[in-house]
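Atoms considered below: every heavy atom in the structure, side chains included; atoms not considered: hydrogens, waters and symmetry mates.
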Amino acid sequence: MEPFISGQRWISNTESELGLGLIIDVSFNRVTVLYLASGERRIYARDNAPLTRVIFSVGDTIESVDEEKLHVTQLLENNGLITYVGKNSEGTETALEEVELNHRIQFNKPQDRLFIGQIDPNQWFSLRYETWQRLQQHQQSPVKGLLGSRASLIPHQLFIAHESANRIAPRIMLADEVGLGKTIEAGLILHYRLINGLSQRVLIIVPESLLHQWLVEMLRRFNLRFSLFDEARCLGELGDDGMDADNLMELPQTPTSNGNPFVNEQLVLCSQQFFARFPARQKQALQAGWDMVIVDEAHHLEWSEQAASPEYLFVEQLAMATPSLILLTATPEQLGKESHFARLRLLDPDRFYSFPAFLEEEKQFEPVADAAKSLLADKPLDDDDAKLLATLLKDDHVGSLLGNLNDPEKSASAREALIKVLLDHHGTGRILFRNSRQTVQGFPERERYGYALGGQENSLDLQHDPRYLWLVEKLTASASALRDQKALLICKQPQTAIDLEVALRTRAGIASAVFHEGMSIIERDRAAAYFADQESAARLLICSEIGSEGRNFQFVHHLILWDLPTNPDLLQQRIGRLDRIGQQHVIQIHIPYLENTAQAVLFRWYDEGMNAFKINCSAARPVADLLHDDLADLLRQPNDAEIDILVAKTKSLGKDIEAQLHNGRDQLLELNSYRKEPAEQLVAQIKGYEKEGSLWPYMETLFECYGVDTEFHSVDCYIIRPSDHLRIAHFPGLDEDGMTVTISRSSALAREDMQFLTWEHPMVIAAMDLVLSSETGNAVVSVVKHRNLRPGQFLLECLFIVECSAPAGLQIGRFLPHTPIRILVDQHQQDLTDVIGHQELPDTGKAFDKHKIAAFLNSQRAPLGKLLGNAEELARNKMQQLAADANTLMLESMSAEIKRMVRLKDVNPSIRAEEIEQLKDLAILAHESIQAAQLRLDAVRFVIAS
């Protein structure tokens with residue numbers, strides 16, 4: 001090592017962020033360095049100080065403490081100290097002693113770090129290279145944004161997310177039947193847009209009873225941390241400890257919020273009731289500005305042509321001010337046409353401006369639906385149908401397709417092509433997604449057990465109520481199916497739920513959890529979590545009616561209906577808490593009822609008339625509306641003969657209405673909501689990513705680089721902890737006590753205590769950013785052995801990055817992501833990139849004298865600079881080809897979409913003119929961005945052959 005002399009400038013190899021160091025004292029075995037830029041002082045042992053001497057070369061540009069730049073033309077040495085001679089910015093020759101160098105000089109460029117000997121271990125270069133490759137792969141993946149959810153890969157959910165999230169500004173209604181996962185679909189869309197940078201500010205509005213469920217689901221399934229806003233939070237954001245909430249004109253103004261608490265968070269979750277109770281907060285929410293608004297249970301927003309509720313009017317204002325809107329609602333059959341229209345006008349008021357016009361348009365669309373039915377049913381088309389299709393699709397040049405329908409060899413492909421054209425013509429197909437159990441498979445079977453009990457109801461003293469005695473027996477009898485099983489019990493009234501829990505606990509010694517609207521949201525969530533814990537003593541969760549909407553208890557397969565509602569939709573909502581996609585067991589529904597009571601009437605009506613306990617009856621609601629008075633009379637005064645008549649009427653009406661609904665099914669809409677082939681392709685692509693098995697080896701290498709300990713837990717599961725040698729103060733996303741992670745989707749679904757690592761997990765994203773935004777591995781020296789290299793030969797392996805800056809909405813990464821270009825040149829400027837791959841040059845581990853290597857590299861700046869210039873020229877040629885290919889791909893993709901949208905606008909009014917104009921603008925901007933791509937040297941490895 002070069003001797004230390006006071007006044008010399010050295011830099012720390014381990015703490016380069018300290019800036020340029022100044023030797024201020026040299027003793028027998030110690031050296032003291034002052035880092036003026038950071039105000040730090042370090043004392044090192046002279047023999048192994050982690051320091052590198054800083055000596056600039058002729059041709060370099062340096063800076064003085066006065067920030068005056070000097071182009072170096074000569075170096076003068078005197079007693080171990082350097083004086084630099086050169087020309088300043090005015091062209092005047094001047095001298096600068098090294099002690100006068102700017103203390104804040106940073107050596108973060110790869111070549112600078114290499115020349116001064118600030119080199120990293122070889123595996124860090126490989127990690128950096130792999131990180132760029134993985135990032136490029138992810139940017140161009142067709143399933144980017146869909147990989148990171150902790151959810152089963154259910155085709156129809158993935159299809160809806162992919163189909164809608166890609167749009168410039170999705171405005172859609174999710175109206176799947178209960179149990180098909182509308183919340184998951186909304187979460188997938190949101191996650192996709194956040195990962196792809198298409199949305200930043202999001203507001204979710206839900207019923208108060210579902211607040212914490214949404215909060216937990218977004219965090220648990222999608223790693224999205226929403227801020228829960230209520231009046232207390234709003235006051236807290238504004239620094240107010242209490243005030244008249246109705247007089248918000250006097251809100252304290254803060255520099256960050258300007259009196260608006262909603263602008264301080266990007267992801268906000270609120271209840272509909274909160275905005276109803278504090279109307280002045282509505283104005284602030286409107287002023288805050290959002291990229292996307294999501295409204296759950298949107299059918300609760302009341303509207304008619306004569307009047308609209310305040311809640312509806314508020315969402316209408318949000319919809320007008322927000323580019324993207326997602327409504328989660330009941331199916332149109334449940335809503336009724338007027339209520340369904342009310343939701344559609346929120347999404348597209350220009351098109352859905354009049355309810356009568358909407359009804360007329362539906363009639364006009366009937367021929368399209370009829371033609372589609374024949375095609376979907378694989379029936380031959382008669383002359384009238386063929387003429388109808390030819391007329392409907394006259395601008396789509398389908399004559400040859402119609403002619404091929406009768407050709408046995410061409411019929412199938414022609415039929416499929418015609419269906420695709422009809423799908424594009426579909427009126428509400430772009431904004432409404434509705435899947436039914438008829439089209440989506442995977443639901444469990446249901447078994448019902450009715451228990452006719454004698455005696456009288458006794459709500460004042462449950463111990464004398466026959467249903468209570470039945471319940472205790474079922475929960476305790478050794479032969480009972482409910483013994484040692486968790487079960488969900490739903491009743492109408494909150495007081496019944498409270499009394500049941502108390503009686504079971506105090507009289508029967510049976511632990512249960514209770515869940516009702518009188519509890520705070522946090523109390524409800526704690527009760528649900530206590531019940532869900534497999535280790536807890538609670539075998540029963542007792543819910544009032546509030547438990548039958550929105551909540552998901554599919555880990556349970558026993559449902560006890562303490563009483564029955566008169567509304568069949570509400571009954572299906574109750575059963576739907578368990579009967580969901582992903583349920584692994586047969587659902588067992590237990591219905592205790594008292595003989596000769598209204599409950600006995602309801603049991604027979606649902607069971608014999610509708611078979612409602614076994615299946616979801618789509619005709620149930622219209623049947624109930626038609627027989628409302630008959631049922632009401634029987635509930636007041638039960639009569640067996642009259643019940644028989646009611647059951648017979650129900651069966652007959654149900655059969656007729658089911659037939660009408662089946663004949664009137666909008667099969668095009670169902671097909672548009674779930675296209676099996678592309679949906680299964682998405683599933684296959686995601687599974688392919690996961691089966692590749694590259695994530696954990698990559699993360700293990702990254703953890704080792706930064707000092708994170710890893711320990712095997714079980715198959716595909718690991719424990720990670722920060723070690724005593726952690727390179728940074730805090731590894732992103734890692735708790736001080738460590739955490740257990742899994743890379744297996746099935747393990748993640750079974751073990752919620754584990755973090756599910758994917759390429760889209762926040763920890764993985766932050767860790768990759770940590771590598772690429774720091775100097776990790778950007779300057780490396782390696783000793784290698786290769787059959788084509790002579791001992792003593794040296795090479796430069798350079799990693800250049802093609803950078804294409806563009807607004808996030810362009811998703812330019814689909815065409816030209818940040819792309820690594822590897823160049824390998826030898827000392828004679830020969831290009832060996834295609835001859836010797838990176839994997840063929842592993843480090844031998846052979847030790848070398850770092851100080852001698854640093855001195856050699858510093859002395860060879862000029863020739864190495866030429867090699868770098870040569871490598872850059874080679875990389876630039878490759879970049880030009882990459883940019884040309886990317887531009888061609890972009891133009892083909894966007895031109896095809898623009899032409900398709902222009903053609904369809906003539907027949908499908910849901911396609912807006914501004915969408916097409918935006919696409920054109922985006923294509924122009926994408927072209928300009930690709931043409932302006934830049935090349936940057938990201939890392940360099942000096943390779944010595946042995």
Side-chain angles (χ1 to χ4, degrees), residues 169-175 182-183 186 190 199 201-211 214-215 226-235 237-238 244-249 251 257-330 335 338-353 355 431 521 549-550:
R171 297 178 71 86
I172 61 170
M173 186 192 305
L174 302 178
K182 293 189 287 287
T183 306
L190 176 56
S199 299
R201 288 183 52 74
V202 180
L203 172 66
I204 298 180
I205 304 175
V206 304
E208 194 165 51
S209 61
L210 301 180
L211 267 177
W214 269 84
L215 188 72
F226 272 80
S227 297
L228 186 61
F229 269 59
D230 54 15
E231 185 59 14
R233 173 66 185 265
C234 289
L235 295 175
E237 286 288 324
L238 299 169
D244 179 1
D246 292 325
N247 186 11
L248 297 181
M249 295 300 293
L251 282 169
S257 69
N258 293 321
N260 191 335
F262 295 102
V263 303
N264 294 338
E265 296 290 347
Q266 297 291 91
L267 306 178
V268 174
L269 175 62
C270 294
S271 75
Q272 294 162 354
Q273 290 80 358
F274 161 62
F275 283 120
R277 284 195 295 266
F278 301 98
R281 295 294 182 198
Q282 297 181 11
K283 183 178 179 181
Q284 292 178 320
L286 287 165
Q287 292 172 341
W290 309 97
D291 301 319
M292 176 179 282
V293 169
I294 298 174
V295 182
D296 193 13
E297 305 291 348
H299 48 278
H300 291 320
L301 303 173
E302 297 177 4
W303 178 91
S304 70
E305 286 193 284
Q306 291 73 39
S309 68
E311 292 80 8
Y312 183 96
L313 293 174
F314 170 53
V315 172
E316 184 177 34
Q317 287 179 289
L318 275 173
M320 293 172 63
T322 307
S324 298
L325 176 67
I326 299 177
L327 304 178
L328 283 70
T329 185
L335 292 169
E338 187 177 57
S339 184
H340 178 48
F341 172 77
R343 255 42 70 193
L344 291 173
R345 70 184 294 277
L346 288 174
L347 296 166
D348 192 347
D350 292 333
R351 183 189 166 200
F352 299 102
Y353 60 92
F355 183 50
I431 59 177
I521 298 172
E549 188 172 78

Trainee: Go through the side-chain N and O atoms of E265 and S227 and say whether any donor and acceptor fall under 3.5 Å apart.
Mentor: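 Checked: E265/S227 side chains pair up, N/O donor to acceptor below 3.5 Å.
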Trainee: Less than 4.5 Å apart, side chain to side chain, heavy atoms only: is that true for I326 and M292?
Mentor: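 In contact.
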Trainee: Does any donor atom in the side chain of Q284 or N260 lie under 3.5 Å from an acceptor atom in the other side chain?
Mentor: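 No, no side-chain donor-acceptor contact under 3.5 Å.
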Trainee: Do the non-hydrogen side-chain atoms of D296 and I204 ever get within less than 4.5 Å of each other?
Mentor: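 Heavy-atom side-chain distance check fails, nothing below 4.5 Å.
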Trainee: What are the two closest heavy atoms between Q273 and V206, and how far apart are they?
Mentor: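 Closest pair (atom of Q273, atom of V206, distance): OE1-O, 4.2 Å.
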Trainee: Any chance you could measure F226, atom CZ, to L267, atom CG, to the nearest 0.5 Å?
Mentor: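 So the gap between those two atoms works out to 4.5 Å.
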Trainee: Could you tell me which non-hydrogen atom of L327 sits nearest to which non-hydrogen atom of A298, and how far apart they are?
Mentor: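 Here L327 and A298 meet closest at CB-CB, 4.1 Å.
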Trainee: Going through the distances and angles, do F274 and C234 end up as a side-chain contact (heavy atoms from CB on, under 4.5 Å)?
Mentor: CA-CA 11 Å; F274 161 62; C234 289; 3.8 Å; yes
Trainee: Does the side chain of F278 reach to within under 4.5 Å of the side chain of E231, using non-hydrogen atoms?
Mentor: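 When only atoms from C-beta onward are counted, E231 and F278 do touch, with a gap below 4.5 Å.
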Trainee: side-chain contact (heavy atoms from CB on, under 4.5 Å), that's the test. Do V295 and L328 meet it? Break it down for me.
Mentor: CA-CA 6 Å; V295 182; L328 283 70; over 6 Å; no
Trainee: Closest approach of A169 and P323, non-hydrogen atoms and distance?
Mentor: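 The answer is CB-O, 3.5 Å.
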Trainee: Taking the side chain as every heavy atom from C-beta outward, state whether V202 and V268 have any atom pair closer than 4.5 Å.
Mentor: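 Not touching, per the 4.5 Å side-chain cut-off.
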Trainee: Any side-chain heavy atom of L203 within less than 4.5 Å of one from C270?
Mentor: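 Of all side-chain heavy-atom pairs linking C270 with L203, at least one is under 4.5 Å.
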Trainee: Apply side-chain contact (heavy atoms from CB on, under 4.5 Å) to Y353 and D348, showing your working.
Mentor: CA-CA 8 Å; Y353 60 92; D348 192 347; over 6 Å; no
Trainee: Out of curiosity, L318 CG to L325 CG, how far, rounded to the nearest 0.5 Å?
Mentor: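 Rounded to the nearest 0.5 Å, the CG-CG separation comes to 8.5 Å.
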Trainee: Is the shortest side-chain heavy-atom distance between I205 and F314 below 4.5 Å?
Mentor: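 Side chain of I205 against side chain of F314, heavy atoms only: contact under 4.5 Å found.
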Trainee: Distance check, rounded to the nearest 0.5 Å: Q317 atom CD versus L346 atom CG?
Mentor: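 Answer rounded to 0.5 Å: 11.5 Å.
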Trainee: Is it the case that over 12 heavy atoms from other parts of the model lie below 6.0 angstrom from the CD atom of E302?
Mentor: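 Atom CD in E302 is not packed in, count stays at 12 or less.
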Trainee: Please name the pair of heavy atoms, one in S271 and one in P207, separated by the smallest distance, quoted to 0.1 Å.
Mentor: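 Minimum heavy-atom contact is CB-C, 4.4 Å.
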Trainee: Once rounded to the nearest 0.5 Å, what's the spacing between atom OG of S324 and atom CG of L347?
Mentor: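 These two atoms lie 11.0 Å from each other.
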Trainee: After noting the C-alpha distance and the side-chain angles of Q272 and R277, does the key distance pass the side-chain contact (heavy atoms from CB on, under 4.5 Å) rule?
Mentor: CA-CA 9 Å; Q272 294 162 354; R277 284 195 295 266; over 6 Å; no
Trainee: Could you grab the distance from atom CD of Q282 to atom CG of L313, nearest 0.5 Å is fine?
Mentor: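 Rounded to the nearest 0.5 Å, the CD-CG separation comes to 9.0 Å.
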Trainee: Which atom names give the shortest non-hydrogen contact between W214 and A186, and what distance separates them?
Mentor: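 In terms of heavy atoms, the two residues are closest at CH2-CB, 4.1 Å.
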Trainee: Thinking salt bridges, do E338 and R343 make one under a 4.0 Å N-O criterion?
Mentor: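 No, E338 and R343 are not salt-bridged.
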Trainee: Salt-bridged, K182 to E297, with N to O below 4.0 Å?
Mentor: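 Result for this pair is no, no salt bridge flagged.
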Trainee: Can you confirm whether or not the ring centre of F229 sits under 6.0 Å from the ring centre of F262?
Mentor: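 They qualify: ring centres under 6.0 Å apart.
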Trainee: If you measure from CG on L286 to CZ on R281, what distance do you get to the nearest 0.5 Å?
Mentor: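 That separation rounds to 13.5 Å.
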Trainee: Any side-chain heavy atom of F275 within less than 4.5 Å of one from E311?
Mentor: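 A side-chain contact under 4.5 Å is absent here.
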Trainee: Under the 3.5 angstrom rule, does the side chain of Y312 hit a backbone N or O of A342 as a donor-acceptor pair?
Mentor: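 Flag set: sc Y312 to bb A342 pair under 3.5 Å.
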Trainee: Hey, does I431 have a side-chain heavy atom less than 4.5 Å from the side chain of M173?
Mentor: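 SC-SC contact between M173 and I431 ruled out.
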